[in-house]
Amino acid sequence: MKGKTVNILVLGGGGREHAIAWALSQSPRCDQLYVAPGNGGTASIAQNVKTLDAEDGEAVLAFAKDHEIGLVVVGPEAPLVVGVADIVRAGGIPVFGPDAQGAQLEGSKTYSKEFMEANGIPTARYASFTNAADARAYCEELGAPLVVKADGLAAGKGVIVAETLEAALDAVDSCFSGTFGEAGSRVVVEEMLTGPECSLLAFVSNGKAFCMAPAQDHKRAYDGDLGPNTGGMGVYSPVPIVTDEEMAAMVSVMETAAAATAQDPFKTDYRGCLYGGFMLTEGPKVLEFNARFGDPETQVVLPRLQGDLVDIMLAVAEGRPEDIELSWSNKWAVSVVLASGGYPGSYEKGKVILGVSEAERLDDVIVFHAGTALNNDGELITAGGRVLNVVALGDTFEEARNRAYEACNLIKFEDMQFRSDIGKRALLGRSAWDA
Ligand code: AMP
Ligand code: GLY
């Protein structure tokens with residue numbers, strides 16, 4: 001153990017935060033661990049703090065002082081965009097998460113696109129608008145297919161991929177008529193890119209980027225990449241179809257972006273995770289930056305991280321990039337999301353979940369909770385759309401995949417739904433994306 005132990009507070013309550021808390025809890029440097037609000041899974045490795053509002057910086061700082069917290073880790077984007085990291089850091093407590101200005105890379109798609117353009121980062125052609133007439137005219141000029149994006153945070157719902165001009169014009173009107181509230185008062189219209197997507201996360205501190213292993217999410221609800229978009233139905237890491245050249249290009253983008261956060265005119269106090277969402281088209285292009293760990297990417301990336309996450313996060317938070325060293329397990333990781341029937345539409349909550357401990361008894365299987373809670377009888381129940389992330393590691397991609405499904409088959413709750421084809425296209429190879 002290199003340093004003293006610390007009390008840690010993680011903000012958030014999804015599968016990503018369970019994975020972060022789990023990885024932190026493995027460290028001998030982790031003393032008391034709190035998760036606010038947490039979920040049914042974090043309850044078994046940390047103390048859940050349901051009463052703390054993660055978006056209230058002063059309240060987070062007061063809690064951190066009262067509990068002698070030595071590291072605050074911000075999971076979701078909303079607290080970052082409202083400046084929780086700024087307040088807590090100004091109060092003298094190390095924070096893993098960028099300041100409000102750095103979080104604009106996720107909080108404003110216009111800011112993010114201007115950042116990319118100014119730094120020569122490849123991305124889709126675009127323009128940004130504050131009125132419908134100009135946005136509509138640009139849609140007509142570019143022609144379908146197009147992507148229309150509400151500028152601000154819209155809980156993952158503000159991106160409309162429009163195959164036809166009519167759909168794009170409707171999306172523009174919908175944004176400006178208030179569907180996404182204030183987030184849609186500015187709109188980015190961009191060309192549609194095609195290809196496989198790949199997420200590359202990096203620890204960023206003082207302008208330096210340390211890339212993690214790549215991961216690939218599955219956004220559509222149903223098998224065959226059909227159905228509505230979701231928060232992610234499954235994920236794996238690393239990504240077998242990514243070539244060495246593509247990986248090098250993505251790493252270079254992340255390094256360029258990190259360096260740009262430390263220089264004018266985009267200078268910020270960026271100490272946290274930078275998420276690059278790439279489309280592997282002719283050379284990888286950035287679809288988006290996020291100012292935090294990905295969900296569900298984190299659930300397959302962190303189990304493959306070798307080394308101590310407390311050491312790494314403290315080095316990031318304290319601006320000591322020279323102390324960051326990353327290494328990765330050779331194992332593959334595949335995760336399948338078990339969701340409530342009806343998700344991403346309406347669904348019922350409160351269903352009793354059986355079989356989680358049986359699944360966890362399998363070798364190399366970890367179950368991260370997303371929407372779960374404990375009822376008054378101490379039973380685990382569903383409490384959200386995405387309920388569990390079943391993660392399996394394996395010496396080959398196929399082994400990890402088979403093991404993940406073996407574990408899923410041990411878990412049951414009423415109306416449980418999951419995709420049966422997570423990772424199937426990757427097994428078939430790159431040509432499976434050409435169809
Ligand atoms: P974003 O929040 O910007 O990443 O968008 C969410 C999702 O929308 C991405 O993961 C892609 O699946 C899709 N998307 C965003 N921008 C584009 C684009 N220019 N072309 C095609 N798909 C896109
Ligand atoms: N997996 C997509 C995201 O975290 O934004």
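Between R29 and D308, the shortest heavy-atom contact is CG-OD2, 4.3 Å. Nearest heavy atom pair, residue V300 against residue Y236, reads CG2-C, 3.9 Å. For the pair V148 and A168, the tightest heavy-atom approach, listed with the atom from each and the gap, is CG2-O, 3.8 Å.
Every pair passing side chain to side chain donor-acceptor pair (under 3.5 Å) that includes a residue from residues 76-89 is listed here, sequence neighbours excluded: E77-R292.
Ring orientation note: the planes of F129 and Y138 are tilted relative to one another, at an angle of 30° to 60°.
For the side chain to side chain contact (heavy atoms under 4.5 Å, CB included) test with V189, the passing option among C139, C175, S128 is C139; the others fail.
Remark: the backbone N or O of D269 is paired with a side-chain donor or acceptor of D99 at under 3.5 angstrom. When atom types are taken as modelled, the side chain of R386 and the backbone of A370 share no donor-acceptor pair closer than 3.5 angstrom. Without hydrogens or angle criteria, S177 side chain to S174 main chain gives a donor-acceptor distance under 3.5 Å.
Classification of D225 and K424 as a salt-bridged pair fails, no side-chain N sitting under 4.0 Å from a carboxylate O. Of the charged side-chain nitrogens involved, at least one lies within less than 4.0 Å of a carboxylate oxygen, so that D173 and R136 count as a salt-bridged pair.
Expressed to the nearest 0.5 Å, how far CD1 of I324 lies from CG of D311 amounts to 10.5 Å.
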